[in-house]
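So the structure is just underneath, and the comments pick up after that.
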2 protein chains.
Amino acid sequence: MFTSRQNELAQAAKVLAHPARIAILEYISKQEGCICNDLVDVIGLAQPTISQHLNEIKKIGLLKGTFEGKNLCYCINEERWEELQQSFHLFFSNINYNCC
Amino acid sequence: MFTSRQNELAQAAKVLAHPARIAILEYISKQEGCICNDLVDVIGLAQPTISQHLNEIKKIGLLKGTFEGKNLCYCINEERWEELQQSFHLFFSNINYNCC
DNA sequence: TTTTAATATTGCAATATTACGATTATAATA
DNA sequence: TATTATAATCGTAATATTGCAATATTAAAA
């Protein structure tokens, strides 16, 4: 019904469509190294809720690192990040304003 | 709980978080002038559904034109579009990858 | 091996989103 | 003014998202 590019862009936008996930990404980005186990305190949502949001971010490949057990290590997957950045950039810059 | 910038970015992302709305924006952009009254046929969703999606897009100010009655005229609000483009650009380019 | 400190998973309630049929509203036109 | 073609709104069902308490899992440390 829609092109796969349209579906993928919408799916990526969906991950960014919650302020907690924006905040999580920005917080991880600000950390030195990738130990970020105080997300629950920083964001102010319950631990299962944070875990759930992290999972949404993981599902589109935006996080890399170690994901099990104690001392986990999250960080942003640079390649995937730049891929999405490019997708949004193309979307925004290919729009025309030819009326009104 | 979150900054207003985070909330606004998430809200904008939410509008892009459905492939029908991506498709609608791209279709309107491709039109010459702003007569785009065949959206229902092009997208393939029922007329009330399209109207609902258009309303979501309107709500964040991405459309301008005449919105009532027959012969309506939709087109993309250039200023608002570039505002959102800039917000997404800043978000994507301010992320660091300092680990792993 | 038990404890501990952390994340993940489960279950569930509340809310939001999506889709569409039926209906209403609008404004041009016959 | 009645008709017509279009979009908006209403009502509602199905599905998805969000949030958290309770519980399970994990792996390091005592």
Side-chain angles (χ1 to χ4, degrees), chain A residues 1-2 6-25 27-28 31 33-60 62-76 99-100, chain B residues 1-2 6-25 27-28 31 33-60 62-76 99-100:
Chain A
M1 187 162 182
F2 303 105
Q6 288 170 335
N7 283 319
E8 282 156 25
L9 186 60
Q11 207 174 351
K14 199 176 240 177
V15 172
L16 304 182
H18 195 294
R21 293 193 287 268
I22 300 283
I24 287 171
L25 283 164
Y27 180 74
I28 293 177
Q31 296 306 105
C34 55
I35 296 146
C36 2
N37 49 12
D38 48 357
L39 266 175
V40 172
D41 301 324
V42 173
I43 307 287
L45 289 168
Q47 179 267 323
T49 308
I50 296 291
S51 187
Q52 203 168 281
H53 282 305
L54 278 169
N55 210 41
E56 294 300 309
I57 301 173
K58 270 185 235 167
K59 278 199 291 192
I60 55 158
L62 275 180
L63 294 179
K64 65 176 180 181
T66 305
F67 295 129
E68 315 96 42
K70 201 186 161 188
N71 291 341
L72 89 173
C73 166
Y74 286 124
C75 63
I76 288 166
C99 90
C100 301
Chain B
M1 186 163 185
F2 304 105
Q6 288 170 334
N7 282 320
E8 281 157 26
L9 187 59
Q11 206 174 351
K14 199 176 241 178
V15 173
L16 304 182
H18 195 294
R21 292 193 287 267
I22 300 283
I24 286 171
L25 283 164
Y27 180 74
I28 293 177
Q31 296 306 104
C34 56
I35 296 145
C36 2
N37 50 11
D38 48 355
L39 265 174
V40 173
D41 300 325
V42 173
I43 306 288
L45 290 167
Q47 179 267 322
T49 308
I50 295 291
S51 187
Q52 205 168 278
H53 282 305
L54 278 169
N55 210 41
E56 294 301 309
I57 301 173
K58 270 185 237 170
K59 277 199 291 192
I60 54 158
L62 275 180
L63 293 180
K64 66 176 177 182
T66 306
F67 295 130
E68 316 96 43
K70 200 186 162 189
N71 292 341
L72 90 172
C73 165
Y74 285 124
C75 62
I76 289 165
C99 90
C100 298

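Every chain is numbered from 1 and lettered A, B, ... according to where its sequence line falls, protein lines coming before strand lines. Here the structure is a predicted model, which is why all the values come from computation and not from measurement.
- Separating the CE atom of Met1(A) from the P atom of dT18(C) is a distance of 13 Å, rounded to the nearest angstrom.
- Proximity of Lys58(A) to the phosphate of dA8(C): a side-chain N or O atom is located under 4.0 Å from OP1 or OP2.
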Using the 3.5 Å cut-off, write out each protein N or O paired with an N or O of nucleotides 23-25 of chain C and the distance between them.
none

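- From Ile76(B), atom CD1 reaches atom CD1 of Ile28(B) across 6.0 Å, with rounding to the nearest 0.5 Å.
- For the contact set between residues 9-20 of chain A and DNA chain C, defined by any heavy atom under 4.0 Å, there are no members.
- The line from CG of Leu25(B) to CG of Leu62(B) is 6.0 Å long, rounded to the nearest 0.5 Å.
- Look at CZ on Arg21(B): it is 12 Å from C1' on dA19(C), rounded to the nearest Å.
- Rounding to the nearest 0.5 angstrom, the gap separating the CD atom in Gln31(A) from the OH atom in Tyr74(A) is 13.5 Å.
- Under the rule for a side chain to side chain contact (heavy atoms under 4.5 Å, CB included), the partners of Glu56(B) that lie at least two apart in sequence or sit in another chain are Arg21(B), Lys59(B).
- For the residue pair Ala20(B) and Leu45(B), the shortest heavy atom distance occurs at CB-CD1, 3.8 Å.
- A perpendicular orientation is assigned to the rings of Phe2(A) and His18(B), their planes being inclined by more than 60° (bins at 30° and 60°).
- Annotation for Ile22(A) and Leu16(A): closest pair CD1-O, 3.4 Å, computed over non-hydrogen atoms.
- Here dA8(C) presents its C1' atom at 15 Å from CD1 of Ile57(A), a figure rounded to the nearest Å.
- Taking atom CD1 on Ile24(B) and atom P on dT18(C), their separation rounds to 11 Å, with Å as the unit.
- Leu39(B) has its CG atom 14 Å from the P atom of dA19(C), to the nearest Å.
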Which donor-acceptor pairs under 3.5 Å do the side chains of residues 6-13 of chain B make with protein atoms, sequence neighbours left out?
{"residue": "Gln6(B)", "atom": "OE1", "partner": "Thr3(B)", "partner atom": "N", "Å": "3.0"}
{"residue": "Gln6(B)", "atom": "OE1", "partner": "Thr3(B)", "partner atom": "OG1", "Å": "3.4"}
{"residue": "Gln6(B)", "atom": "NE2", "partner": "Glu26(A)", "partner atom": "OE1", "Å": "2.9"}
{"residue": "Asn7(B)", "atom": "ND2", "partner": "Thr3(B)", "partner atom": "O", "Å": "3.4"}

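- In this structure, Lys59(A) places its NZ atom 14 Å from C1' of dT9(C), rounding to the nearest Å.
- Separation of atoms CD1 (Ile24(B)) and CD1 (Ile43(B)) is listed at 5.0 Å; rounding is to 0.5 Å.
- By the side chain to side chain contact (heavy atoms under 4.5 Å, CB included) test, Ser51(B) is found to be paired with Gln47(B), residues two or more places apart in sequence or in another chain being considered.
- For the segment residues 48-55 of chain B, the set of residues with a heavy atom within less than 4.0 Å of an atom of DNA chain C comprises Pro48(B), Thr49(B), Gln52(B), His53(B), in numerical order.
- Considering only side-chain N and O atoms, Tyr74(A) lies under 4.0 angstrom from the phosphate OP1 or OP2 of dA8(C).
- In this structure, CD1 of Ile43(B) is placed 15 Å from C1' of dA19(C), rounded to the nearest angstrom.
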